[in-house]
Every structure is written in structure tokens, then in C-alpha cells.
Number of protein chains: 2
Amino acid sequence: MRSEDLAKILGLSRSTISRVINNYPDIPQVTRDKVWKAIEEYNYAPNASARKLAGVKNKMIAIILLDIKDNEDLHHIKTTDHTLIHENPFFSPIVTAVIDQANKMDYYALVSIVYSKNDLKKVRNIFHQKLIDGAVFVGTQEAENDLIFDLIAQKHLVAMIDTSEVNNANHNAIYINADNYEGSVKAVSYLLELGHTSVGIITGNLNKLSAIERLVGFKSTLKKQGIDVTEHMIYEGDFTEASGYEGAKHFLTASNPPTAIFVSNDTMVVGAYKAISELGLRVPQDISIIGFDNSFFSPYLNPPLTTIDISFSGIAKRATTLLIESIEQEQQRGIVEKANATLVERESCQRLKK
Amino acid sequence: MRSEDLAKILGLSRSTISRVINNYPDIPQVTRDKVWKAIEEYNYAPNASARKLAGVKNKMIAIILLDIKDNEDLHHIKTTDHTLIHENPFFSPIVTAVIDQANKMDYYALVSIVYSKNDLKKVRNIFHQKLIDGAVFVGTQEAENDLIFDLIAQKHLVAMIDTSEVNNANHNAIYINADNYEGSVKAVSYLLELGHTSVGIITGNLNKLSAIERLVGFKSTLKKQGIDVTEHMIYEGDFTEASGYEGAKHFLTASNPPTAIFVSNDTMVVGAYKAISELGLRVPQDISIIGFDNSFFSPYLNPPLTTIDISFSGIAKRATTLLIESIEQEQQRGIVEKANATLVERESCQRLKK
DNA sequence: CTGAAAGCGCTTACAG
DNA sequence: CTGAAAGCGCTTACAG
């Protein structure tokens, strides 16, 4: 069914059909009603391509998931968010949130997963083909910087979620990042409130920005409290379960073990729990543990893990909203925002008796 | 950049550019090379809408996630699949697998989440607008049957993953389902192999097909082994954690408790573990537990849960492949397939000493 | 081997 | 208020 067909049936011209659909003024209500009724009856919908070609925005964004080999920086995206409407972990909150927000703002969402540098050409094409009005990038690493900068230079609209790019403020793009520093401050402050003064940290890969920021938050919070941060309070891990195991062993077999450990991500906690259990110790009675990321599995750990949630769904929603806004205004925007981190209190930390 | 522009630069006509791009024969290699080189150089890509409008397939499918209110039938989609290329649970294996497979077959994937009956109109529109060539539906319930049957009648191409629709063989659509029966047989056979002869089952909602199939597999496997299935071996749950808790209490406080329990989904196991722990019993020393679904959290339970994996990513991949094949052949196909279920052996079942 | 032209199904100034 | 016509950027018979 084409608009021509519908026009004939109604004894009108295509122009009028089009005007009704596009909500032009100066059309009598009778005509309007007649047209809409026929549209419903015949299940007419304007051909998307023709519409687009004639100059109407198609309202489509892409979500580009970058998972290029040797890319290990996505560790802190493992999370879940219980504020989502559906509780089943259908798929990650980031993708859900972007799609949801796009749909809410009446946009379609195309999802594309990129596994290799080679696939980046396809991403470029999606833009050049005018298939989309803009895109949200997730998991960006250095590999795709050139592409993204190119696209920005060509006036394409892009948003990046939790990019590891540091000096991004100067680009005409939207950057929404997790606030690792704030999250870390919250974690350590919580331990201090519970009365812990002897605290260790198992860090992530210290060549990763997120790991560094978490460590810096740890140090500065303790210092502010007048606690000297010495070498033996820091164990350098790498965000893997194995390093969490080693880190916990390291601290708990020391001559003067801490009463609490800040583990820089929840994955490492899995290893840490294992080590603790092997040493015959219990969480939180013998050692308090706080994690970071609020990974999907954290509530199922034994005991359920107190950790830091950085609401990726909130970040995703924000990025999507800003992207679509800039699409509607047909204007690039340079925005850098940090998202809140919140403490999720569960059962892995104990208040210290005085 | 339009094909016209490129043509001018090269001193050719749009026709020739188009022929090179669409791989027409009878074009001298020199021309071909010249054109491709320019395409690369100027980052030219044919406008997707114009192309589509001119009759070229756009190669786009949709994934429609149905999550309409009062819809509780998605319980058994909670799962994860470790065969996926990236280990991080970015989002569910179903969506990843569909997108991946689509991308591999050179198709774009549009994802749409439907929360209300009202949104179904939008789904209808996606088809009528000719935005897509076909769609994979996930989580279908009765609510959207009318829509789907309509679309099928209109010769649209659709595939359904794990639909609860029973009499689907007569429709010209692709149905790929989990084999609940086979999975259940595998679970119970495993318990029998370990020497368990006194086995209980906590069922799911018995008004759901999946729950019924799992129960039937349980009964038939025991019968085949010459074990009488009596009422007291069956506890009717409803796939929720709470009912798992009650079910476990029920069995373990009975006068003659079983040595193993087949719990019809992993979510109920969470409750069952809680009950067992409260009763001062241990898994698997005092009671063996086997689950169903291989939910994402199952390896993190304590002890890690032995369960049945129904590889939703495999189902998704298969559905996508068949859908795209039928798109390429421009022909509806009526296909009903069941996917394999496999046992995932972890630490929640014990071999019984003779 | 390649160009000129029709056509895909819309939207939107331009007339009236 | 509404129709006829141009134009969006391609592809593809049709000629040559």
C-alpha cells in the first residue's frame, strides 16, 4: 500500500495524505479524520526509505559495542541495575538503557558489535550511508580513536559511554563517564564509618585509568582521615579473579592483617572470598570486604557483597538523551559528564566494636 | 558525497559507479579499480535509503523483545553462555547471538523492546514501513499472537525464539524452542547414575508449558528406571525463589526425605539453598541439588550449581540463520525445531555410596 | 562496455 | 485548503 493508493481510495491527492501524516496545519478536521481512519483500516505506513530520501529524519541511532581483541578494559562494565523495569537480566543494562531511552524518544536503535579493527570500516559506512543520525559508542579503546575523531570532524554526532580517553573535553562529542574517584571515596568512607582504620586495597591494572582513580580515591580518603597510607596497605592486582585470590592471601597471611579490604572490582572479590574461605576465615566476622562495580553476581555471593554501583544504565540513559537532543538541534555538542557512584550495602562489612 | 559527484570526478556516469558497486560483469578491471580507489579516497557510500527505494534489499532485521506486563514466562531465559566470544556478560546471549549472526551474514540488527500492548503498533509499523526484511521475536506470549499471525498472513518473515505457543507447526514461521523434556531427562538420568533412587522435584508453574515438560521428563525417566513416581515426590512451585525455599523445606522436613532434588529452575535453587542452610544441612553432602537453565548466577552459588543449559545463544543463532536464509530466498518457511539441552556439571550433586 | 532516462515512494515549495 | 510537479540518490532495463 502506497500513499498513492490510499489517495485514490479517498479521492484525495498524495499531498494531502502526506500533510495529514506530517501534521500540517490548515487541514480541516474532517479530512484529517477521514485520512487517519483509512490509514488504520488499510494498515498504511509511509515507506521509511522514501520518507528519508525526501528529507525527513529517520530517527535512528546506533549503539556500537566495541570489543576489539586484546581489549581488557571492559571489566567495570559488568554490572546490573535493579531499577530497570524488567528484572530479568535479558542483556546488559547499558544496551537496554540506550534502546529504551531511544525508543522513548521515538528513535530506532541499531546495535552493532565490533570485534576487529577491520569491522570499523562498517561502522564508518553506517554513518556515510546516512543510515543513522548518530551513535552511542560503548567500550571505546585507542584502536578506534581515529575513526571516532574522523566522524566528529565530519560533523557526525556521537556519544561515548565510559570511554578510556582522557583528554576528551576538547572534542565536539558527548562523553559520559563513571566517577571512579567518587565511588572509591564512598567505599573507603563507609569502611571508616564502620570503625575500620586498618584497611588494605587490592588495586586493578594500574595502567588503566579506572584502576588509578580508584586507588587515588582510596589514598586521599584515608589521608583526609589522618591515616598514613603505606606500601604494605596496597596490593597491586589486575582486575582478575586470580589476582583477588592472591591479594587476599597476601593481606591475611601478613603479620598484622587489616580489618577490611577494599577490592577494586567485584570479580577480584570472587577470588578473595575463595582465599578467605581456604584460610578458615569468615566474611565479615573476620574480615570486611567491599567491592566495586556491583556486578550482576554480587548479590549472589556468600555473603552478598557490599559494593559500589556506578549505574551504567543511568550513564547510558544520559548519553542517549544528550545524543538525541543534539540530533534534534542538528548541532554537535562538546560535553563531559561524570555519573554518580552509590554505595550498595549488603552483608560483607562489619561494624567494628570499640 | 553522492554517486553523481564521484562520477564527475572520475569522468564517468552514475550508472558505471553503481555497476561497480553492485558488482556487475562486463566492466573492465581498470575502470573497476579506478572506481573503488575513488570510493575509498572520498569515503563514498551509497545512500541507504535511495538504494533501498531503488529496489535493493537493505539487509536489516529486527529483534523484538516482548516484555509485556504480567508476563512472567521469561523465567527460563535467564541464562548465560560461555561459548560467546566475549566473556563479559554485556547483555544476554540471545540478543548478542542474534546481532552477531546477523552481522556475520551481513545484516543490520534493529532492537526494539516492547513493554505494553500499545507498543505493538510500533512493531507492526516497522514491518509496514519496510524498514526491515524480517524479525526475530523473543519472549512471545498470547498478547501478541494476533499481531504475529497478521504479519505472517501478510507474508512477512518472522522467527520466534522459545515461544510458548504450542500449535505452531501449521504457521509459515520459524519456531526454535528449548527442549525442556530432553533437558529434564538428562538431569534425572544424571541423578540416577550417581545412585540416587529417592528423588524429589520442585516444579515450576504447571500452567506453563516449560514446567509441564520438565515434570513429564522427570516422571518418564524415573518410570523407565522402574521407580514409581508418587505424589510425595512432587512439590508444585512456581519458578520463584520463594517457592524454591518452601519446596526444599517441604522435602527436607518430611519423615523420609529424598537424597536428591531436581529443582525446575535455578532461581528456585537460590531459595532452596537458603532453606537447606537454615536446616543446618549441606549441599551436596546431605542433599544433592540439580537445577535447570544454567542461569548467569549459577556458577556463583555456593556450591556452584549443577544444572541444565539450553544454550539460548545456539537457539538464537539458529533462528537468525533460518530467518535470513528465508529472506534471501524470499520465501516464508514453516519450521519447528528443538535445541539441545546439555548437562553442566558443577558441585551440587554427590555420588551416593553403596 | 557505458550513458541517458525512468522509476522507486515519499515530502514540500509553488500555484491556485 | 489542496493538487501538480520537482526532487531526494540510487538502480537498472533500454539503447547504442
Side-chain angles (χ1 to χ4, degrees), chain A residues 1-36 38-39 42-60 106 108 125-133 154 330, chain B residues 1-36 38-39 42-60 106 108 125-133 154 330:
Chain A
M1 161 123 311
R2 303 160 308 147
S3 71
E4 173 94 55
D5 305 327
L6 201 65
K8 264 193 194 127
I9 293 174
L10 294 173
L12 291 168
S13 74
R14 282 148 52 198
S15 319
T16 305
I17 306 286
S18 177
R19 285 194 185 99
V20 170
I21 286 176
N22 294 297
N23 232 329
Y24 273 54
D26 295 334
I27 303 209
Q29 196 57 42
V30 233
T31 315
R32 231 177 254 288
D33 292 345
K34 201 168 66 169
V35 172
W36 277 118
I39 287 176
Y42 296 95
N43 268 325
Y44 170 74
N47 180 300
S49 305
R51 215 154 180 239
K52 175 95 207 290
L53 191 56
V56 177
K57 282 229 190 63
N58 60 343
K59 300 201 168 200
M60 175 131 74
D106 209 23
Y108 292 112
N125 260 340
I126 295 178
F127 281 92
H128 290 152
Q129 286 175 135
K130 304 246 159 112
L131 200 53
I132 54 167
D133 303 316
Q154 293 163 197
E330 304 187 1
Chain B
M1 161 122 312
R2 303 161 307 146
S3 71
E4 175 93 55
D5 304 328
L6 201 65
K8 262 189 197 134
I9 293 174
L10 294 173
L12 291 168
S13 72
R14 281 148 54 200
S15 319
T16 305
I17 307 285
S18 177
R19 285 191 187 100
V20 169
I21 287 176
N22 295 295
N23 231 329
Y24 273 55
D26 296 333
I27 304 209
Q29 196 58 41
V30 231
T31 314
R32 230 177 255 288
D33 292 344
K34 201 168 66 171
V35 172
W36 278 119
I39 286 175
Y42 295 96
N43 267 327
Y44 169 74
N47 180 299
S49 305
R51 210 150 185 244
K52 175 95 207 291
L53 191 57
V56 176
K57 283 228 189 64
N58 59 346
K59 299 203 169 199
M60 176 130 75
D106 208 24
Y108 292 112
N125 260 341
I126 296 179
F127 281 92
H128 291 323
Q129 286 176 133
K130 303 245 160 112
L131 200 54
I132 53 167
D133 302 316
Q154 292 162 199
E330 303 187 3

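As a basis for the values below, the full set of heavy atoms in this structure was taken, side chains included, without hydrogen atoms, waters or symmetry mates. Chain identifiers are assigned alphabetically (A, B, ...) following the order of the sequence lines, protein sequences preceding nucleic acid strands; residue numbering begins at 1 within each chain. What you see is a predicted model, and the numbers here were worked out from it, not measured in a lab.
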Between A:Asn47 and A:Ser49, is there a donor-acceptor pair closer than 3.5 Å when you use the side chain of the first and the backbone of the second?
yes
Can you tell me how far P of C:dC8 sits from CG of B:Asn58, to the nearest Å?
18 Å
Which whole number of Å gives the distance between the P atom of D:dC1 and that of D:dA5?
24 Å
Take atom NZ of B:Lys52 and atom C1' of C:dG7, then tell me their distance rounded to the nearest Å.
16 Å
Taking only residues two or more places apart in sequence, or in another chain, which ones meet B:Arg32 in a salt bridge (Lys or Arg N to Asp or Glu O under 4.0 Å)?
none
Involving DNA chain C, stems made of at least three consecutive Watson-Crick or G-U pairs, both distances under 3.5 Å
C:1-3 with D:14-16, C:5-12 with D:5-12, C:14-16 with D:1-3
Taking CG from B:Asp26 and P from C:dC1, how many angstroms apart are they, rounded to a whole number?
6 Å
Please tell me if the side chains of A:Asn22 and A:Arg51 come closer than 4.5 Å, counting only heavy atoms from C-beta onward.
yes
Are any of the side-chain heavy atoms of A:Met1 and A:Ile9 separated by less than 4.5 Å?
yes
Could you tell me whether a side-chain N or O of A:Asp33 sits under 3.5 Å from a main-chain N or O of A:Val30, the two making a donor and an acceptor?
no
Considering only the C1' atoms, how many Å lie between C:dT12 and C:dG16, rounded to the nearest integer?
16 Å
Indicate for each nucleotide in nucleotides 9-16 of chain D, in 5' to 3' sequence, whether protein heavy atoms under 4.0 Å reach the base (B), only the sugar-phosphate (S), or nothing (-).
BBBBBB--
Using every non-hydrogen atom in the two residues, find where A:Asn58 and A:Tyr108 come nearest and quote the distance to one decimal.
O-CD1, 4.1 Å
A side-chain contact here means heavy atoms from C-beta on lying under 4.5 Å apart; do A:Leu10 and A:Ile17 qualify?
yes
So, A:Lys130 side chain and A:Lys52 main chain: donor-acceptor pair closer than 3.5 Å or not?
no
